[in-house]
There are 2 protein chains.
Amino acid sequence: MGVTIYDLAREAGVGIGTVSRCLNNHPSVAPDTRARVLAVAKRLSYQPHAYAQRLASKKTNTVSAIIPFFTNYFFIQVLQGVQDKALELGFDLILYGVNDPSQAEYYLRRSLMRGHVDGVLFFSMDLPDSYVAKFVQMKLPLVLVDTYDKRFDSFRVRNREGAMEATRHLISLGHTNIAMINASLETHPGHDRLEGYRHALEENNIPFAMDNVIVTATGKQDGFNREAGYSSMRELIKRRRMGMEISAVFIASDVQSIGAIEAARAEGVRVPEDIAIVSFDDIELASHAQLTTMRQPMYTMGTMALERLMKRMKTPDAKPELTTFMPELIIRESCGAQRSSTIAKRFASIELDRTEERLNT
Amino acid sequence: MGVTIYDLAREAGVGIGTVSRCLNNHPSVAPDTRARVLAVAKRLSYQPHAYAQRLASKKTNTVSAIIPFFTNYFFIQVLQGVQDKALELGFDLILYGVNDPSQAEYYLRRSLMRGHVDGVLFFSMDLPDSYVAKFVQMKLPLVLVDTYDKRFDSFRVRNREGAMEATRHLISLGHTNIAMINASLETHPGHDRLEGYRHALEENNIPFAMDNVIVTATGKQDGFNREAGYSSMRELIKRRRMGMEISAVFIASDVQSIGAIEAARAEGVRVPEDIAIVSFDDIELASHAQLTTMRQPMYTMGTMALERLMKRMKTPDAKPELTTFMPELIIRESCGAQRSSTIAKRFASIELDRTEERLNT
DNA sequence: GAATTGATTGGAAGCGCTTCCACAAGATAG
DNA sequence: CTATCTTGTGGAAGCGCTTCCAATCAATTC
């Protein structure tokens with residue numbers, strides 16, 4: 001069916017070795033030979049056979065990305081970074097979306113098939129111990145993003161420090177009764193953000209109490225979802241009505257905050273007047289919802305992770321590196337820091353200018 | 001480095017053919033031979049070499065998905081469907097995200113490499129004519145989603161009919177001055193939704209005028225983005241203040257509507273009291289924004305598209321089929337049909353019940 | 001003019017698997 | 001007891017490529 005290098009060789013009157021060299025820009029080919037072969041290849045619309053190439057060259061030019069819940073806005077933006085970088089490098093990206101932890105192992109096993117991929121990106125989940133050994137044994141490069149293992153390159157956001165900064169911001173606005181809405185404490189972000197919150201309170205001599213922390217670990221994405229934010233906020237409002245003094249809340253993720261704002265609206269509680277909110281992530285919608293939030297460099301994490309994977313392929317024995325990112329506080333309206341209408345208006349017009357600018361190009 | 005079937009054959013004292021048959025569940029192997037070989041395979045932790053298998057068997061178990069702007073919520077949900085189905089079928093999914101039309105051709109070319117993928121899903125873009133011939137010639141199965149070509153299987157949403165229903169809904173609520181906010185008319189959805197809008201007006205003897213249609217085709221995603229919605233709505237409000245009578249607007253997509261609502265809020269225009277909105281897509285956020293919208297079965301389109309691709313692999317010469325989906329009107333608050341607070345409250349509590357239900361499981 | 005060098009080239013070997021064909025060894029039938 | 005199946009099995013061929021080694025031939029050197 002397909003045109004092979006043998007066809008090209010016959011047609012161009014050369015050997016298959018020469019054909020291969022021409023196609024791969026090998027230096028030692030006479031210019032006119034190369035021209036002739038390439039002309040024939042074009043004429044017969046030759047297409048190299050991907051797997052034959054890969055089998056022979058032992059390079060796949062493919063990486064896999066094992067991502068939980070990739071419909072989560074956080075992961076989508078990371079994924080966009082990975083994908084753009086893959087395009088730039090000429091790599092194919094196999095997307096392995098994990099909806100349930102057991103799937104992660106299936107995908108790990110699959111990625112480990114000899115010659116399947118040149119490297120693996122593993123996101124936001126604990127790497128099962130049994131696979132650590134396998135990756136080492138198979139010498140398959142692995143880069144972890146938003147999770148950590150000392151035996152592999154890792155990229156992490158400083159969740160604890162970010163949560164501290166978020167909480168400090170609320171404190172600096174005069175709040176002393178600050179609650180927290182969190183997702184599963186079993187997750188790294190959930191755990192570390194709680195720690196940061198607690199630390200910020202304590203360094204300011206505000207007593208920490210688990211009573212002020214509402215944890216919803218159920219539902220999809222370990223509780224990092226809108227519904228969980230909705231019900232958590234309702235619970236918080238209920239407690240508030242029963243006498244608990246709460247003027248602000250630190251919410252562990254933007255998606256939860258979106259749900260929380262819905263709940264506040266439904267209950268007639270104003271944000272930020274009655275309850276100020278600071279959250280975490282800065283997903284695209286955060287600006288729509290006017291959320292004050294800790295920005296994570298999601299896109300950059302994606303591109304850097306793939307770059308690191310490439311580096312690791314070249315120098316497999318280098319020492320694993322841990323790269324951390326410090327999230328950045330983005331102030332919008334939900335925390336009440338911009339209650340002055342002047343500032344708010346000016347902000348709106350800036351947004352507008354940017355839009356118009358884009359329209360005029 | 002790797003363990004091959006030759007190693008297994010030697011170790012188990014059988015031939016490579018037998019080993020291969022054992023691993024592939026071929027019937028004609030004696031039960032104890034099979035057991036012995038599998039035991040050895042396990043002991044040596046044998047991993048088949050993906051590309052060798054594929055080269056020899058001429059099956060790749062891989063498909064590619066060429067998707068524009070996959071960070072768009074619409075595509076993400078379709079993609080989730082594709083990915084889940086791929087997992088179910090044991091296929092790998094190569095994600096080719098297109099940010100710019102020229103990339104689509106690159107990815108098409110790449111997908112056409114012999115033996116690279118068993119099939120291709122192509123989303124929402126016009127398939128370049130030159131590639132039609134190539135796919136036919138290479139006999140590479142291709143399924144189109146959200147776009148159409150009579151020579152291939154296609155899945156489409158009935159944009160025109162959906163837009164008609166959306167517009168009719170506004171008319172049924174008593175509106176007669178209905179504007180439209182649209183994205184690029186060069187896109188199929190943009191074009192067809194305009195047609196539907198126009199048709200619905202005319203069948204109700206309401207004059208259609210392009211003056212009531214605001215088109216923003218620039219920016220990312222051909223104008224299907226938040227910023228475009230924002231600026232279009234501002235333009236609409238400006239015209240309104242200059243005397244144009246507008247009480248409702250049909251917006252071509254939910255993302256645009258989200259921006260439009262922002263603009264309305266910034267300008268002090270109430271939704272739905274001053275301007276009622278109906279839009280299109282029903283992305284996850286639509287319920288958060290309380291958008292009345294035309295729901296597209298995105299996830300289903302993803303799963304069905306992959307299923308169709310499989311079917312096409314099995315019977316390559318069957319006649320191409322076109323499958324259309326009728327979008328469904330989802331009524332929320334933005335159209336004003338539920339202005340009664342009773343209904344609104346009941347709706348909120350239903351949402352809540354669902355949330356709590358989930359929490360209790 | 002012989003010897004050496006460098007630039008090209010042909011093609012065998014090998015990547016690790018599937019599959020087909022041939023064959024051995026019992027089992028069954030006549 | 002011979003002829004005919006069955007059931008398992010071994011291993012060569014081949015998938016289409018890369019790469020290495022040997023070979024050719026013209027150019028250069030002494």
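Below, read A as the first sequence line, B as the second, and so on, with proteins coming before strands; counting in each chain starts at 1.
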What residues from residues 42-57 of chain A pass a heavy-atom cutoff of under 4.0 Å to DNA chain C? Leu55(A), Ala56(A)
Taking only side-chain nitrogens and oxygens of Thr33(A), does any of them come within less than 4.0 Å of OP1 or OP2 of dT9(C)? yes
Check the angle between the aromatic planes of Phe152(A) and Phe135(A) and answer parallel, tilted or perpendicular using the 30° and 60° thresholds. perpendicular
Look at the side-chain N and O atoms of Ser20(A) and state whether any lies under 4.0 Å from the OP1 or OP2 oxygen of dC17(D). no
Where the side chain of Thr303(A) meets the backbone of Gly81(A), is there a donor-acceptor pair that is under 3.5 Å apart? no
Output yes when a side-chain donor or acceptor of Thr147(A) lies under 3.5 Å from a complementary backbone atom of Leu144(A), and no otherwise. no
Could you check whether the side chain of Arg21(A) and the base of dG10(C) have a donor-acceptor pair of N or O atoms closer than 3.5 Å, going by distance alone? yes
Interatomic distance, Asn24(B) CG vs dC20(C) P [rounded to whole Å]: 13 Å
Whichever of Thr18(A) and Tyr6(B) has its nearest DNA chain C nucleotide further upstream toward 5': Thr18(A)
Backbone N/O of Met298(A) and side chain of Gln77(A): donor-acceptor pair under 3.5 Å: no
With under 30° as parallel and over 60° as perpendicular, where do the rings of Tyr51(A) and His116(B) fit, or are they tilted in between? perpendicular
Once the angle between the rings of Tyr96(A) and Tyr107(A) is folded into 0 to 90°, is it parallel (under 30°), tilted (30 to 60°) or perpendicular (over 60°)? parallel
Phosphate contact (dC17(D) OP1 or OP2) by Arg114(B) side-chain N/O below 4.0 Å: yes
Where each residue is assigned the nucleotide of DNA chain D containing its nearest heavy atom, which of Gly17(A) and Arg36(B) is assigned the position nearer the 5′ end? Arg36(B)
Whole-Å distance, Lys58(B) NZ to dG14(D) C1', equals 9 Å
What contact category does Thr4(A) fall into here, base, sugar-phosphate, or nothing, at under 4.0 angstrom with non-hydrogen atoms? sugar-phosphate
Using whole Å, report how far CZ of Arg34(A) lies from P of dT8(C). 10 Å
Gap between atoms CG and P, on Asn25(B) and dT19(C) respectively (whole Å): 13 Å
